[in-house]
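Everything below concerns the one structure shown next.
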Amino acid sequence: MASSILIQPCTTNDGPAIAHNNVGAFWRDASWVLIWGSKTETYVASQAALRWPYNLLQHRAQHRFFKAVDSESGNLLGFVRWNLPDVPGAADLWVEGKVPSVESEVEAELKKAKESADWEYIENDLDAPIGVAMQRLKEGKGYLVLDYLAVHPDNSRRGVGTALVEHGLREAAKLGLDVFVHGKDAGLPLYSKCGFELLERLWMDDAELGGRGYGAHLMVWRCPEPS
């Protein structure tokens with residue numbers, strides 16, 4: 001029987017697998033690779049693995065994390081982070097996706113590991129206009145934000161991204177929340193298929209870093225009205 005895709009909450013133990021998945025996914029984004037200079041995908045992934053366990057424990061009131069796993073092997077196939085709106089009671093919403101806390105001694109060790117990572121990259125302000133536009137479009141809206149979606153290329157074309165997004169949209173419908181996402185060019189077909197509509201598109205010129213430019217697609221999914 002063919003394996004299926006399961007959507008499950010994350011724990012700090014998933015950190016290394018999440019790092020491998022995420023770096024592998026974003027390494028196919030030419031504009032992202034440019035900021036790492038001579039560093040290799042394998043090296044950046046090894047440093048990300050030091051950071052992700054602690055990252056998963058941050059902003060627990062609003063961040064919700066889920067992974068897609070293969071039902072047979074248990075291997076991680078993809079990852080998503082959702083940000084709840086900053087409203088009273090947010091910490092009690094969608095608690096399934098809240099990463100379990102760990103003992104203070106363990107958290108201190110995870111923080112120490114993160115701080116030991118080599119996470120220096122070529123900084124630039126090319127994305128500043130995206131941040132300004134996002135702030136303007138989100139102001140006062142109370143969106144659930146699809147903040148981070150990554151599927152390793154080894155697991156592409158299996159419906160992993162769709163499964164992760166649709167899982168979150170079902171929860172958004174239960175909560176009565178519209179969903180905002182900043183998608184790059186590669187994600188546009190997926191978000192469009194899932195029912196997102198384009199609010200604004202920006203073109204980012206990264207020629208100064210040796211890039212060819214890329215699109216920023218600011219999109220929203222409208223929660224259906226109750227029947």
Side-chain angles (χ1 to χ4, degrees), residues 5-15 17-19 21-22 51-69 76 78-111 114 127 130-151 160-183 187 190-191 194-200 216-227:
I5 298 168
L6 304 177
I7 307 301
Q8 300 175 344
C10 299
T11 72
T12 55
N13 290 334
D14 294 311
I18 290 171
N21 172 80
N22 295 359
R51 294 168 52 86
W52 265 106
Y54 185 73
N55 287 348
L56 290 167
L57 294 171
Q58 306 310 298
H59 308 291
R60 295 180 69 249
Q62 290 178 266
H63 286 182
R64 300 294 181 265
F65 300 95
F66 290 91
K67 59 184 178 180
V69 301
L76 188 144
F79 168 82
V80 67
R81 178 174 69 210
W82 302 86
N83 292 351
L84 288 162
D86 186 9
V87 296
D92 298 320
L93 300 176
W94 206 5
V95 293
E96 177 194 8
K98 185 183 291 188
V99 173
S101 59
V102 298
E103 295 181 357
S104 57
E105 295 84 356
V106 175
E107 184 169 355
E109 287 299 316
L110 296 180
K111 181 179 181 181
K114 175 179 177 174
D127 285 349
I130 301 175
V132 172
M134 289 175 61
Q135 183 175 359
R136 169 171 48 81
L137 292 171
K138 293 192 297 182
E139 187 173 4
K141 300 295 186 181
Y143 289 129
L144 173 66
V145 177
L146 201 178
D147 189 52
Y148 198 117
L149 176 68
V151 177
V160 176
T162 300
L164 286 164
V165 173
E166 290 184 343
H167 172 262
L169 296 183
R170 287 193 294 272
E171 186 65 25
K174 294 177 185 177
L175 297 173
L177 296 174
D178 294 342
V179 180
F180 182 91
V181 68
H182 160 213
L190 167 61
Y191 298 131
C194 289
F196 285 80
E197 61 183 72
L198 183 66
L199 296 176
E200 190 169 326
H217 309 271
L218 309 182
M219 311 179 77
V220 67
W221 177 86
R222 309 285 185 185
C223 180
E225 293 291 336
S227 57

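Keep in mind it's a predicted model, so treat the numbers as computed, not measured. Just so you know, these numbers use all the heavy atoms, side chains as well, and skip hydrogens, waters and symmetry mates. Nothing fancy with the numbering, it's 1 onward along the sequence.
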OG (S104) and CD (E109) are apart, to the nearest 0.5 Å, by 11.0 Å
Interatomic distance, CD@E166 vs CD@E171, rounded to 0.5 Å, equals 14.5 Å
Worksheet item: Hey, is K67 close enough to D14 for a salt bridge, meaning N to O under 4.0 Å?
Response: yes
Do V69 and I5 touch side chain to side chain, with heavy atoms closer than 4.5 Å?
no
When rounded to the nearest 0.5 Å, the distance separating CG of L146 from CE of M219 is 11.0 Å
For a 4.5 angstrom cut-off between non-hydrogen side-chain atoms, does T12 reach V99? yes
In short, N22 meets A150 closest at the heavy-atom pair OD1-CB, 3.4 Å
With sequence neighbours left out, the residues meeting side-chain hydrogen bond (donor to acceptor under 3.5 Å, both in side chains) with H182 are none
By salt bridge (Lys or Arg N to Asp or Glu O under 4.0 Å), R222 pairs with (sequence neighbours left out) E197
Student check: side-chain heavy atoms of N83 and Y148 closer than 4.5 Å
no
So CG of L84 and NZ of K98: to nearest 0.5 Å the spacing works out to 9.0 Å
Sorted by chain and number, sequence neighbours left out, side-chain hydrogen bond (donor to acceptor under 3.5 Å, both in side chains) with T162 holds for K193
Check against side chain to side chain contact (heavy atoms under 4.5 Å, CB included), Y143 and V220 = CA-CA 9 Å; Y143 289 129; V220 67; 3.5 Å; yes
Is V165 close to V80 at the side-chain level, that is, under 4.5 Å between some pair of heavy atoms? no
Residues L56 and T11: closest non-hydrogen pair is CD1-O, 3.4 Å
Residues at least two apart in sequence or cross-chain that pass ring-ring contact (aromatic ring centres under 6.0 Å, His included) with F66, listed by chain then number, are W94, H167
Here the gap from R64 atom CZ to Q62 atom CD, rounded to the nearest 0.5 Å, amounts to 8.5 Å
### Residue pair F196 / L190, side-chain heavy-atom distance below 4.5 Å
no
Residue pairs passing the salt bridge (Lys or Arg N to Asp or Glu O under 4.0 Å) test with at least one member in residues 78-91, sequence neighbours excluded, are R81-D147
In short, C223 meets A173 closest at the heavy-atom pair SG-CA, 3.8 Å
Checklist entry - Do V181 and W221 have side-chain heavy atoms sitting under 4.5 Å apart? => result no
query: W52 and F79: aromatic ring centres closer than 6.0 Å?
result: yes
So do the side chains of C10 and I18 get within less than 4.5 Å of each other, counting heavy atoms only? yes
- Query: Are D178 and K141 close enough that some pair of their side-chain heavy atoms sits under 4.5 Å apart?
  - Reply: no
Interatomic distance, CZ@F65 vs CH2@W82, rounded to 0.5 Å, equals 13.0 Å
Which atom pairs, one a donor and one an acceptor, fall under 3.5 Å between side chains of residues 131-140 and the rest of the protein, sequence neighbours left out?
residue	atom	partner	partner atom	Å
R136	NH1	E200	OE1	3.2
R136	NH2	E200	OE1	3.0
R136	NH2	E200	OE2	3.0

Correct closest heavy-atom pair for L110 and L57 would be CD1-CD1, 4.0 Å
Closest heavy-atom pair, V160 versus A68, reported as atoms and distance to 0.1 Å, is CG1-CB, 3.6 Å
